[in-house]
K.L.:
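The structure's right below; bear with me while I get my questions together.
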Amino acid sequence: QSTWASGIISLTRMLDRETRQLYNLSVEAIDNGLPARLTSTTNIIIQVLDVNDSPPQFELLQYDVTVSEDALPGTRVAVVMTTSADIGVNAEIFYEIVGGDGGGHFSIDRVQGIISTRLPVDYETNSVYSLVVRATDRGSPPLSEEAPVTVRLLDVNDNAPRFSQPLYEAVVSEDVAIGTTVA
């Protein structure tokens, strides 16, 4: 909207850079001269700057992955990804594990969102980890979002069978029939 007498241009509604980044206005000035009215036309380009108004959005609402319990430290488990409608520093995102990993078995690449084993994992000790990953942008103020990541361990045959006692004894009569259970 332009004020007729002053030529000041002001907003008539809120701007949203994510919807429209640029406005190209054509402005015509007309004087009140007599007998001829003179005019001049110019273009005004208005660029809408980004503010940090869009938190990171995970590509999935939750992540569910499996990894073998014999995975070596450093094994890639999952990749979490986010997007942001903002631009620049407001869209630079870093990741962190904020819950579900009390033993420190997992790590996450703060920039790429790659979750890896940091320590050996053991199915018999803990078969499922329920991690919480937070994505935070570098805007001011920073905005963040969290997503659950369930890591299920696959059991491997890593435990030899064990007898419950070191020695077993049975007493059997010599005339029992073949196939009789003796112990």
Side-chain angles (χ1 to χ4, degrees), residues 1 9-26 43-162 164:
Q1 173 181 346
I9 298 171
S10 59
L11 297 177
T12 59
R13 63 177 182 241
M14 294 296 296
L15 300 177
D16 182 9
R17 192 219 44 91
E18 287 79 12
T19 304
R20 188 167 178 186
Q21 299 177 30
L22 198 67
Y23 291 84
N24 189 353
L25 306 178
S26 180
N43 288 325
I44 300 174
I45 297 174
I46 299 173
Q47 180 181 358
V48 181
L49 300 177
D50 190 38
V51 295
N52 196 26
D53 59 352
S54 298
Q57 296 294 311
F58 282 92
E59 287 188 352
L60 300 175
L61 294 176
Q62 72 177 46
Y63 294 80
D64 195 359
V65 297
T66 58
V67 65
S68 179
E69 74 170 318
D70 63 354
L72 297 173
T75 299
R76 181 185 288 204
V77 174
V79 179
V80 294
M81 299 190 66
T82 57
T83 58
S84 176
D86 290 323
I87 59 172
V89 70
N90 296 333
E92 292 177 15
I93 298 166
F94 65 92
Y95 302 93
E96 59 188 325
I97 297 172
V98 296
D101 188 27
H105 289 90
F106 300 93
S107 63
I108 190 166
D109 181 292
R110 290 179 57 83
V111 176
Q112 296 178 328
I114 300 170
I115 300 172
S116 303
T117 55
R118 192 174 74 77
L119 298 172
V121 290
D122 182 38
Y123 179 88
E124 287 74 26
T125 304
N126 189 2
S127 63
V128 177
Y129 291 87
S130 298
L131 307 177
V132 178
V133 173
R134 178 180 297 146
T136 305
D137 65 30
R138 295 190 187 278
S140 180
L143 300 175
S144 63
E145 194 68 38
E146 294 180 355
V149 178
T150 302
V151 180
R152 299 178 197 287
L153 298 186
L154 297 173
D155 192 18
V156 297
N157 189 14
D158 61 346
N159 294 303
R162 285 189 247 159
S164 60

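By convention here, the first residue in the shown sequence is residue 1. For the numbers below, each heavy atom of this structure counts, side chains included, while hydrogens, waters and symmetry mates do not.
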K.L.:
Output every pair passing ring-ring contact (aromatic ring centres under 6.0 Å, His included) with a member in residues 45-91, not counting sequence neighbours, ordered by first then second residue.
P.N.:
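Listed once each, the pairs would be none.
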K.L.:
Could I get the full list of side-chain hydrogen bond (donor to acceptor under 3.5 Å, both in side chains) partners for Ser127, not counting sequence neighbours?
P.N.:
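Per chain and number, Ser127 pairs via side-chain hydrogen bond (donor to acceptor under 3.5 Å, both in side chains) with no residue.
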K.L.:
Got a second to check how far Gln57's CD is from Leu143's CG, nearest 0.5 Å?
P.N.:
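CG of Leu143 is found 10.5 Å from CD of Gln57.
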K.L.:
Write down the atom of Pro55, the atom of Ser144, and the distance for their closest heavy-atom approach.
P.N.:
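Heavy atoms only, the tightest pair is CB-O, 4.1 Å.
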K.L.:
Evaluate the criterion side chain to side chain contact (heavy atoms under 4.5 Å, CB included) for residue pair Val149 and Val132; output intermediate values, then yes/no.
P.N.:
CA-CA 6 Å; Val149 178; Val132 178; over 6 Å; no
K.L.:
Got a sec, which residues hit ring-ring contact (aromatic ring centres under 6.0 Å, His included) with Phe106, two or more places apart in sequence or on another chain?
P.N.:
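Applying ring-ring contact (aromatic ring centres under 6.0 Å, His included) to Phe106 gives Tyr129.
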K.L.:
Would you mind listing every salt bridge (charged side-chain N to carboxylate O under 4.0 Å, His left out) that reaches into residues 96-121, with sequence neighbours excluded?
P.N.:
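Pairs touching residues 96-121 that pass the test: Glu96-Arg134.
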K.L.:
I'd like to check the side-chain hydrogen bond (donor to acceptor under 3.5 Å, both in side chains) partners of Asp155; sequence neighbours left out, ordered by chain and number.
P.N.:
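Result, side-chain hydrogen bond (donor to acceptor under 3.5 Å, both in side chains) vs Asp155: none returned.
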K.L.:
Taking only residues two or more places apart in sequence or in another chain, which ones pass side-chain hydrogen bond (donor to acceptor under 3.5 Å, both in side chains) with Glu124?
P.N.:
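Partners of Glu124 under the side-chain hydrogen bond (donor to acceptor under 3.5 Å, both in side chains) test: Asn159.
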K.L.:
Which atoms form the tightest heavy-atom contact between Ser68 and Val156, and what is the distance?
P.N.:
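Ser68 and Val156 have their closest heavy atoms at OG-CG1, 3.3 Å.
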K.L.:
Could you note down all residue pairs passing salt bridge (charged side-chain N to carboxylate O under 4.0 Å, His left out) where residues 16-25 supplies at least one of them, sequence neighbours left out?
P.N.:
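Qualifying pairs: Arg17-Asp50.
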K.L.:
The criterion is side chain to side chain contact (heavy atoms under 4.5 Å, CB included); which residues satisfy it with Pro142, sequence neighbours excluded?
P.N.:
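Scan of Pro142 (side chain to side chain contact (heavy atoms under 4.5 Å, CB included), adjacent residues dropped) gives Thr136, Asp137.
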K.L.:
So if I apply the side chain to side chain contact (heavy atoms under 4.5 Å, CB included) rule between Thr150 and each of Leu131, Val65, Thr66, Val128, which one comes out positive?
P.N.:
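Testing each of Leu131, Val65, Thr66, Val128 against Thr150, the sole residue satisfying side chain to side chain contact (heavy atoms under 4.5 Å, CB included) is Val128.
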K.L.:
With side chains defined as the heavy atoms from C-beta onward, is the minimum distance between Ser26 and Asn43 less than 4.5 Å?
P.N.:
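Answer yes - side chains close enough.
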K.L.:
Rounded at 0.5 Å granularity, tell me how far CG in Leu119 sits from CG in Leu72.
P.N.:
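Answer rounded to 0.5 Å: 12.5 Å.
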K.L.:
Report the distance from atom OG1 of Thr83 to atom CD of Glu59, rounding to the nearest 0.5 Å.
P.N.:
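So the OG1 of Thr83 and the CD of Glu59 are separated by 6.5 Å.
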K.L.:
Once you round to the nearest 0.5 Å, how far does CG of Asn52 lie from OG of Ser84?
P.N.:
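Answer for the CG-OG pair, Asn52 versus Ser84, is 7.0 Å.
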K.L.:
Within this structure, what is the CD1-CD1 distance for the pair Ile108 and Ile114, rounded to the nearest 0.5 Å?
P.N.:
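Answer rounded to 0.5 Å: 9.0 Å.
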K.L.:
Please give me the minimum heavy-atom distance between Glu145 and Pro56, naming the atom from each residue.
P.N.:
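Closest heavy-atom pair between Glu145 and Pro56: CB-O, 3.2 Å.
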K.L.:
Under the rule for salt bridge (Lys or Arg N to Asp or Glu O under 4.0 Å), what residues qualify as partners of Asp64, not counting sequence neighbours?
P.N.:
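So Asp64 forms a salt bridge (Lys or Arg N to Asp or Glu O under 4.0 Å) with Arg152.
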K.L.:
What I'd like to find out is whether the side chain of Leu154 reaches to under 4.5 Å of the side chain of Val67, using heavy atoms alone.
P.N.:
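With C-beta onward as the side chain, the pair stays apart.
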K.L.:
So, using side chain to side chain contact (heavy atoms under 4.5 Å, CB included) as the criterion, who are the partners of Thr125 when residues are at least two apart?
P.N.:
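Counting only residues at least two positions away or on another chain, Thr125 forms a side chain to side chain contact (heavy atoms under 4.5 Å, CB included) with Asp122.
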K.L.:
Excluding sequence neighbours, so at least two apart, what forms side-chain hydrogen bond (donor to acceptor under 3.5 Å, both in side chains) with Thr82?
P.N.:
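side-chain hydrogen bond (donor to acceptor under 3.5 Å, both in side chains) list for Thr82, sorted by chain: Tyr95.
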K.L.:
Could you tell me if the side chain of Gln47 sits less than 4.5 Å from the side chain of Gln21, heavy atoms only?
P.N.:
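Not in contact.
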K.L.:
Taking side chain to side chain contact (heavy atoms under 4.5 Å, CB included) as the definition, give me every residue that meets it alongside Ile45, ordered by chain and number, with sequence neighbours left out.
P.N.:
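Side chain to side chain contact (heavy atoms under 4.5 Å, CB included) list for Ile45, sorted by chain: Leu22, Asn24.
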K.L.:
Sub-3.5 Å donor-acceptor pair from the side chain of Glu69 to the main-chain atoms of Tyr123, do we have one?
P.N.:
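Yes; judged by distance alone, with no hydrogens or angles, the pair exists.
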K.L.:
Is any side-chain heavy atom of Val98 closer than 4.5 Å to a side-chain heavy atom of Val133?
P.N.:
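Of all side-chain heavy-atom pairs linking Val133 with Val98, none is under 4.5 Å.
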K.L.:
Side-chain contact, heavy-atom cut-off 4.5 Å: Leu153 with Asn126?
P.N.:
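No; the side chains remain at least 4.5 Å from each other.
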K.L.:
Specify the closest pair of heavy atoms between Ser116 and Arg76, including all atoms of both residues, with the distance to one decimal.
P.N.:
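Of all heavy-atom pairs spanning Ser116 and Arg76, the closest is OG-CA, 4.0 Å.
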